[in-house]
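To keep things clear, I will list the structure first and then write my remarks on it.
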Amino acid sequence: MEPYVFWLILGVILVVAEILTPTFFFFWFALGAFAAAGVSFLSGTIMQLVTFMGVSAALVLLTRPLAKKLTKSETRKIYIDEIIGKEAIVVETIDNKQSKGLVKVNGEIWRAYSESDDTTIEEGEKVTILKVEGAHVVVRKIERGGEA
């Protein structure tokens with residue numbers, strides 16, 4: 001395989017990765033790969049690698065603040081302790097035996113488990129977040145008129 005073909009394929013893969021992810025990061029490496037493809041006609045492998053790394057690093061360092069301004073995305077901080085004790089609504093029936101269930105709290109969707117394996121909590125019911133374990137929450141159903 002000719003070196004320029006490798007760099008072009010890598011560039012296309014990185015562009016696809018950029019499209020499939022919500023970041024604005026892989027695009028700079030794709031441009032680095034395209035630059036290395038151009039250099040491959042003039043020099044050897046080491047210069048191609050230096051071009052790829054140099055162009056990619058320069059673009060990441062120099063344009064990242066601009067990209068953040070253009071996308072107007074701010075990193076959203078989630079404080080785990082903030083949701084403990086909060087009321088959430090079940091958006092997918094919680095059934096520990098089937099390992100399914102989702103709740104919505106503070107606008108965020110979380111995978112949820114009931115505190116008891118024998119309890120199924122139906123969609124639309126309200127729950128209290130008891131604790132956060134990794135990427136899911138443990139909840140208790142709020143009975144009508146108060147907590148369970």
Side-chain angles (χ1 to χ4, degrees), residues 1-117 119-141:
M1 175 187 308
E2 295 292 325
Y4 76 90
V5 173
F6 167 78
W7 290 113
L8 290 176
I9 290 172
L10 180 62
V12 169
I13 290 170
L14 291 168
V15 168
V16 170
E18 181 64 48
I19 292 168
L20 297 177
T21 59
T23 65
F24 199 60
F25 185 72
F26 293 111
F27 184 68
W28 309 129
F29 290 95
L31 293 180
F34 293 138
V39 169
S40 71
F41 291 108
L42 305 172
S43 63
T45 304
I46 292 176
M47 194 61 191
Q48 294 168 36
L49 288 172
V50 168
T51 300
F52 172 70
M53 291 186 290
V55 169
S56 299
L59 288 173
V60 167
L61 294 174
L62 298 175
T63 60
R64 190 99 173 118
L66 176 65
K68 282 186 174 182
K69 277 186 179 179
L70 291 175
T71 60
K72 296 180 182 176
S73 64
E74 293 181 24
T75 304
R76 184 166 183 194
K77 296 178 181 174
I78 297 174
Y79 299 103
I80 301 300
D81 294 337
E82 181 179 290
I83 65 170
I84 295 174
K86 287 244 177 172
E87 186 176 290
I89 188 143
V90 177
V91 294
E92 179 186 273
T93 299
I94 300 170
D95 187 344
N96 291 5
K97 293 177 183 171
Q98 295 183 10
S99 295
K100 69 175 204 171
L102 297 172
V103 296
K104 186 172 187 177
V105 59
N106 288 352
E108 299 284 331
I109 303 291
W110 285 79
R111 170 92 28 223
Y113 293 97
S114 171
E115 67 176 333
S116 168
D117 287 341
T119 303
T120 300
I121 305 172
E122 299 297 326
E123 183 177 335
E125 295 192 70
K126 292 182 178 177
V127 294
T128 300
I129 308 290
L130 299 177
K131 59 184 172 180
V132 177
E133 292 182 344
H136 70 269
V137 294
V138 177
V139 300
R140 176 185 300 148
K141 180 179 175 181

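Residue numbers run from 1 in the order of the sequence given.
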- Quick one: pull up NZ in Lys141 and OG1 in Thr128 and give me the separation to the nearest 0.5 Å. 12.0 Å
- Message: Once rounded to the nearest 0.5 Å, what's the spacing between atom CG of Asn106 and atom CD of Glu82?
- Response: 5.5 Å
- Item | Any donor-acceptor pair under 3.5 Å from Asn96 side chain to Ser114 backbone | yes
- Heavy-atom closest contact (Ala112 atom, Val139 atom, distance): CB-CG1, 4.4 Å
- Message: Please give me the minimum heavy-atom distance between Val105 and Glu87, naming the atom from each residue.
- Response: CG2-O, 3.8 Å
- Message: With rounding to the nearest 0.5 angstrom, report the CG to CG distance, Leu14 to Leu31.
- Response: 9.5 Å
- Start with the C-alpha distance between Trp110 and Ile129, add both sets of side-chain angles, then the distance that settles side chain to side chain contact (heavy atoms under 4.5 Å, CB included), and finish with yes or no. CA-CA 10 Å; Trp110 285 79; Ile129 308 290; over 6 Å; no
- Message: Please evaluate residues Ile121 and Val103 with respect to the criterion side chain to side chain contact (heavy atoms under 4.5 Å, CB included), reporting the C-alpha separation (whole Å), side-chain torsions for both, the decisive distance (0.1 Å), and the verdict.
- Response: CA-CA 10 Å; Ile121 305 172; Val103 296; over 6 Å; no
- Message: How about CD1 on Ile46, more than 12 heavy atoms from neighbouring residues, nucleotides or ligands closer than 6.0 Å, or not?
- Response: no
- Could you tell me which residues satisfy side chain to side chain contact (heavy atoms under 4.5 Å, CB included) with Leu8, sequence neighbours excluded, listed by chain and number? Tyr4, Phe34, Ala37
- Query: Considering residues at least two apart in sequence or located in another chain, which fulfil the side chain to side chain contact (heavy atoms under 4.5 Å, CB included) criterion with Ile89?
  - Reply: Val91, Lys104
- Note on the structure: Residues Tyr113 and His136: closest non-hydrogen pair is CD1-CD2, 3.0 Å
- Using 4.0 Å as the upper bound for N to carboxylate O, is an ion pair formed by Lys100 and Glu92? no
- Note on the structure: Heavy-atom closest pair (Glu123 atom, Thr93 atom, distance to 0.1 Å) is N-OG1, 3.4 Å
- Task: For the residue pair Leu102 and Arg111, establish whether any side-chain heavy-atom pair is separated by less than 4.5 Å.
- Result: yes
- Task: Output the distance between atom CG (Leu10) and atom CZ (Phe29), rounded to the nearest 0.5 Å.
- Result: 10.5 Å
- Atom pair NZ/CD1 of Lys131 and Ile83 - distance to nearest 0.5 Å: 13.5 Å
Pairs of donor and acceptor atoms involving the side chains of residues 47-61, under 3.5 Å and at least two apart or interchain, shall be tabulated with distances.
from	atom 1	to	atom 2	distance (Å)
Gln48	OE1	Trp7	NE1	2.7
Gln48	NE2	Ser43	O	3.2
Gln48	NE2	Gly44	O	3.4
Thr51	OG1	Met47	O	2.7
Ser56	OG	Phe52	O	2.7

